[in-house]
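Structure first, commentary second.
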Amino acid sequence: MPDMPNPVAAFIVGEIRRARGAAGMTQEAFGRGAGFSASHVSAVEGGTRALTLDFIRGADRALSTGGLFERLAAELGTPSWFLPWLDAERNSTQLRCFQPCLVPGLLQTEDYARAVIRCDDTLSEEEVDKRLAGRIERQTVIFQEHAPQFVAVVAEAVLRRAAEDFRDVMAGQVKQLIALAERPNVGVHILPDEISMHVGLTGPFSLARCPDHRWVGEMENQLGGVVVDNDDDVDTLLERWETVRSEALPRRQSIALMKEVVDSWI
């Protein structure tokens with residue numbers, strides 16, 4: 001197994017430890033299922049012994065994950081800056097997302113997500129597949145038991161970005177947005193084109209409220225992105241969220257607009 005960046009290894013170990021705890025397994029019981037001694041498990045969890053692929057596969061066996069942790073390990077291309085956000089997202093009680101350019105990742109269909117990822121023409125098909133698998137895996141957070149409340153504000157222009165050769169993909173995407181907006185824990189609000197100037201034009205951002213009630217923010221750009229957790233920056237993002245949310249259409253009007261967009265293509 002290639003060496004993993006420390007933040008990646010620490011992230012995977014943390015996820016294994018949390019899953020073991022959620023399953024009510026002691027280190028000894030986990031070790032029996034994974035094929036390692038309790039002292040070995042303790043050393044890996046404590047960071048004094050390296051994480052190996054054998055240990056990851058053992059964790060998948062012991063916890064009957066269907067290969068989840070090995071898939072995470074395969075996603076070594078995930079930039080280290082993004083890992084704290086993944087942790088916040090997966091453990092959040094509330095999620096907020098503003099997107100002026102794309103459908104939010106947690107709401108994307110597989111076809112739409114693949115098309116977005118392929119916009120980077122430096123990626124091989126294997127790399128595209130890996131990124132796609134990671135994106136689809138992230139989406140489980142909004143379907144899990146005790147899922148967070150997820151509210152997204154999406155610019156109307158995102159819905160209407162559908163050239164003839166992309167219309168079928170976009171129609172499927174908008175239909176999925178409509179279906180997801182009907183879920184009790186998901187809200188999709190459309191920011192109409194008539195709102196020509198607003199604070200959200202400076203770029204997309206997301207917010208996650210953690211179980212300890214603190215908020216974490218995430219912003220992406222052409223070179224990667226940044227995760228923010230200091231009070232001043234988070235307060236600024238929360239203020240901007242309230243501004244763009246107040247400009248967006250209410251839930252039912254947003255669903256009606258999305259249906260209108262799809263009907264216009266028929």
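No experiment lies behind these values; they were computed from the predicted model shown.
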* Not counting sequence neighbours, which residues clear side-chain contact (heavy atoms from CB on, under 4.5 Å) with V158? List them please. => V103, Y112, V154, A155, R161

* Asked: Considering residues at least two apart in sequence or located in another chain, which fulfil the salt bridge (charged side-chain N to carboxylate O under 4.0 Å, His left out) criterion with R138?
  -> E89

* Listed by chain and number, what are the side-chain hydrogen bond (donor to acceptor under 3.5 Å, both in side chains) partners of Q149, not counting sequence neighbours? -> R96

* Non-neighbouring partners of S42 that pass side-chain hydrogen bond (donor to acceptor under 3.5 Å, both in side chains), sequence neighbours left out -> none

* Mind checking what makes salt bridge (charged side-chain N to carboxylate O under 4.0 Å, His left out) contact with E239, not counting sequence neighbours? -> none

* Partners passing side-chain hydrogen bond (donor to acceptor under 3.5 Å, both in side chains) against D231 (at least two apart in sequence or in another chain) -> none

* Contact list for residues 255-266, test side chain to side chain donor-acceptor pair (under 3.5 Å), sequence neighbours left out -> none

* **side-chain contact (heavy atoms from CB on, under 4.5 Å) partners of S124, counting only residues at least two apart** => E126, E127

* **Qualifying salt bridge (charged side-chain N to carboxylate O under 4.0 Å, His left out) pairs, either residue in residues 182-201, two or more places apart** => E182-R251, E182-R252

* Structure fact -> The side-chain hydrogen bond (donor to acceptor under 3.5 Å, both in side chains) partners of Q27 (sequence neighbours excluded) come to E45

* With sequence neighbours left out, write down each residue that passes salt bridge (charged side-chain N to carboxylate O under 4.0 Å, His left out) with E242, or none if nothing qualifies. => none

* Could you note down all residue pairs passing salt bridge (charged side-chain N to carboxylate O under 4.0 Å, His left out) where residues 22-34 supplies at least one of them, sequence neighbours left out? => E28-R32

* Structure fact -> Between the CD atom in E15 and the CD1 atom in I56, the distance rounded to the nearest 0.5 Å is 12.5 Å

